[in-house]
Amino acid sequence: MGKLDIHRMTLGDLATNCYLVVDPDDKRAVIIDPAAPSTELTRACDTHSIEYILLTHAHADHIGGVASIQQQTGSPVCLHQDDLELYADPVANLSQFTGAEVALPGIDRILADDDEIRLGESVLRVRHTPGHTPGSIILVTTDVAFTGDTLFAGSIGRTDLPGGSHAQMLTSLDTKVKNLAPGTVIYPGHGPETDIEREIRTNPFLQ
Ligand SMILES: [Zn+2]
Ligand SMILES: [Zn+2]
């Protein structure tokens with residue numbers, strides 16, 4: 001399995017991390033959380049063949065660039081089943097507060113726990129991690145996890161927004177995050193990278 005190249009773009013008013021994940025063998029790539037329209041993102045999509053647009057969850061600060069990138073690439077947009085309602089509701093997904101009146105494209109592939117996203121020789125596996133939102137997911141390869149707003153370096157995402165549940169979050173952390181393979185590098189939805197050992201050692205929500 002080839003190693004994936006990962007490029008982070010920090011976009012939008014909430015400094016959301018958008019990731020371009022590239023199979024270095026043939027420049028095929030996926031975009032994770034196109035947070036806001038940006039020339040950097042447009043250029044990334046111009047120079048790679050975008051196989052999928054993957055959403056870790058449907059909050060406005062993670063989907064603000066979906067419409068423009070979908071239009072540019074024609075690539076399928078993927079979201080977990082349990083965030084479809086949030087995606088369609090500008091009040092619940094907070095996009096009414098961002099001032100961006102975007103007509104969102106439809107969801108082309110509905111994700112479920114344990115689904116596989118193929119990228120060249122690599123596989124990104126979906127782990128359903130409800131808590132921050134009902135349909136939050138993390139995307140996991142052999143040595144990397146994209147954790148959206150489920151896990152940050154030293155912290156976790158809010159659970160007091162529409163559809164959030166602190167109890168579900170704790171269960172998700174316990175059953176879907178703490179058991180990531182040792183050495184897994186964490187790429188969160190906000191803030192710097194970390195790794196799973198450090199989080200298990202120091203993140204108060206993983207104790
Ligand atoms: Zn969020
Ligand atoms: Zn966020």
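None of these values were measured; they are calculated from a predicted model. Each ligand, and each atom within it, is numbered from 1 in the order the structure gives.
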Indicate the ring-plane relationship of His80 and His128, choosing parallel, tilted or perpendicular according to the 30° and 60° boundaries. parallel

Test: Arg125 and Asp114 ion pair at under 4.0 Å: yes

Test the Arg8-Tyr187 pair against the cation-pi criterion, namely NZ or CZ under 6.0 angstrom from the six-membered ring centroid and within 45° of the ring axis. no

Assess the pair His190 and His62: is the distance between their ring centroids shorter than 6.0 Å? yes

Polar protein atoms (N, O or S) that approach the Zn ion (ligand 2) to under 2.8 Å: Asp61 OD2, His62 NE2, Asp149 OD2, His190 NE2

ring-ring contact (aromatic ring centres under 6.0 Å, His included) between His132 and His59, intermediate numbers included: CA-CA 10 Å; His132 177 66; His59 277 153; 4.7 Å; yes

Main chain of Val77, side chain of Asp108: is a donor-acceptor contact present, judged purely on distance under 3.5 Å? yes

